[in-house]
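Scroll down for the structure; my scribbles are underneath it.
Lettering follows sequence order; numbering is per chain, from 1.
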Number of protein chains: 2
Amino acid sequence: MTTTSWLDGLRAERPGLGRASTSGRVADVLRARITEGHLRPGTRLSEEDIGAALGVSRNTLREAFRLLGHERLLVHEFNRGVFVRELTVDDVRDLYQLRRILECGAVRRAAERRRAGSSDDRWAELLAPVREAVEEGEAAAAREQWVEVGTANMHFHQAVAALAQSPRVSEAMGHLLAELRLVFHVMDAPQAFHLAYLPENRTILELLAAGDLDAAESVMAAYLDAAEAQLIGAFAAARES
Amino acid sequence: MTTTSWLDGLRAERPGLGRASTSGRVADVLRARITEGHLRPGTRLSEEDIGAALGVSRNTLREAFRLLGHERLLVHEFNRGVFVRELTVDDVRDLYQLRRILECGAVRRAAERRRAGSSDDRWAELLAPVREAVEEGEAAAAREQWVEVGTANMHFHQAVAALAQSPRVSEAMGHLLAELRLVFHVMDAPQAFHLAYLPENRTILELLAAGDLDAAESVMAAYLDAAEAQLIGAFAAARES
DNA sequence: CATGAGGGATTGTTGAACAATCCGTCAATA
DNA sequence: TATTGACGGATTGTTCAACAATCCCTCATG
């Protein structure tokens, strides 16, 4: 049975589990397993098995499940248990709709503040995380470290959302990206997927730095449209097999 | 053909069926108490007292607390308990920043779809909930039912967010408005606050209906700026006493 | 006045228990 | 054969009681 294989993997995480809220740390472990693709969508998470593997009680585990349920990484079916979320094509469309609103909105809000008279220094400071993420991605690509290219891409979009300077926008973006990672794993080569958009990231950064914020916003919108289409295509293809 | 319509109809009933969860119902009760102002911000919620009052066990109550914690209505301090959230001025600013992005973004997304060739009928259908909310507010004001004016105003903004046709945007807007209700109660006359913006709602509706979406968006932005300033003013005043 | 040591109260977590519910199996029936 | 209905094992939903960990208040001491 394949279930025991990742249960053993979970058991290995057990020692690193010693401080702060138990349920929170259990949630961290499971979240990592899910977003990294070790727990496939649709997998049912047995309270008894996982509780035994991690050495926590059912009640504590349930709190962790509830946490991840609210982050939409797990779905909870009454009297049936919790399952790793399976995204539908509609979910992917919805996620990209939200991305368009959050990311383009963040750029737009930053633009308004810049026009309202923020200094050049302040603007450069605000843009620094975006620049770092772009360079991180290019460096990783040069070293052919494809996994790092993917995380750098995540950092880029998180940094763009952070331009709104709103904790809630950043948090929403974080949850959104975590949810999206559920669907990246259905593709054959998720690395190539992210790689293709590195030049776009650089373009957006340069437009932002140059103050051409309308152009940055529309490039971002086009980027999201293209990525959505490509992802849905790969998704539908994987659905057939 | 007829079979699928049956099935779709049943599918719509599905969420109402699984609603037997005790913790969920406990959360509903507490959420109502909080948003209606019966539980003041800062109040500590004792597990034992509330569990006894509602006749549920501590474990079940804890699940309800986690639920509301994720909706940001409660804050959970480790080893200290849960408290009704106290919003700061920064929180209010952040909430309005998010509102600007979500509501203006929803209008903008709807506008793009309309320009991309959606029919007049489809557009009127999409706008119907917004119109209903506006009329609901005006009718309540005519009857001098101020509480209903407030809820109608909530419905209006929820309906505007729904223009994005995105479940996640709608849910985020719902959480946002619930959180905002925490701060409405610090004002002397929350009724008058909502009343003042009824004409604005009507204006935005008419602009949307006329297809002048850029104007609608900028009126909305101005509305949010004004409401934010007024709310922060009242908030700072209440803070002094 | 500051400081540190009890002590009571509350939360964090566990384990067990029982009821409710789901799911697969299998026999009965048309 | 296909459908129905009943049975039983397995899993979840919920509660309860207990103990450890932590916080907060009080009070004695310097």
Can you measure [X] atom [atom1] to [N] atom [atom2] for me and round it to whole angstrom units?
X: B/R66; N: C/dT13; atom1: CZ; atom2: C1'; value: 11 Å
X: A/F65; N: D/dT12; atom1: CZ; atom2: P; value: 8 Å
X: A/D49; N: D/dT11; atom1: CG; atom2: P; value: 7 Å
X: B/E63; N: C/dT13; atom1: CD; atom2: C1'; value: 14 Å
X: A/R25; N: C/dT13; atom1: CZ; atom2: C1'; value: 11 Å
X: B/E47; N: C/dA9; atom1: CD; atom2: P; value: 17 Å
X: B/E48; N: D/dA17; atom1: CD; atom2: C1'; value: 12 Å
X: B/L61; N: D/dA17; atom1: CG; atom2: C1'; value: 17 Å

Kindly point out which of [options] is positioned nearest to the side chain of [X]?
X: A/S57; options: C/dG12, C/dT14, D/dT14; value: C/dT14
X: A/R58; options: D/dT15, C/dT21, C/dA17; value: C/dA17
X: B/N79; options: D/dG13, D/dT22, C/dT13; value: D/dT22
X: B/N59; options: C/dA17, C/dG15, C/dG12; value: C/dG15

Under 4.0 Å between a side-chain N or O of [X] and OP1 or OP2 of [N]?
X: A/R44; N: D/dT12; answer: yes
X: B/T60; N: D/dT14; answer: no
X: A/H76; N: D/dG13; answer: yes

Task: Aromatic ring proximity B/Y223/B/H157, centre distance under 6.0 Å - done: yes
Open item on the list: Just checking A/R131: does its CZ atom have more than 12 heavy atoms from other residues, nucleotides or ligands closer to it than 6.0 angstrom?
Closed with: no
Open item on the list: Checking B/E63 against B/R66 for the salt bridge (charged side-chain N to carboxylate O under 4.0 Å, His left out) test, could you report, in this order, the C-alpha distance in whole Å, the side-chain angles of both residues, the deciding distance, and whether it holds?
Closed with: CA-CA 5 Å; B/E63 291 209 352; B/R66 294 303 197 277; over 6 Å; no
TODO: Go through the steps for B/F83 and B/E77 under the test side chain to side chain contact (heavy atoms under 4.5 Å, CB included), then give the verdict.
DONE: CA-CA 8 Å; B/F83 302 80; B/E77 300 185 19; 4.1 Å; yes
TODO: Indicate, yes or no, whether a donor-acceptor pair under 3.5 Å links the base of D/dG13 to the side chain of A/R80.
DONE: no
- [ ] Walk me through it: do A/R40 and A/V84 pass the test side chain to side chain contact (heavy atoms under 4.5 Å, CB included)?
- [x] CA-CA 7 Å; A/R40 306 267 291 276; A/V84 179; over 6 Å; no
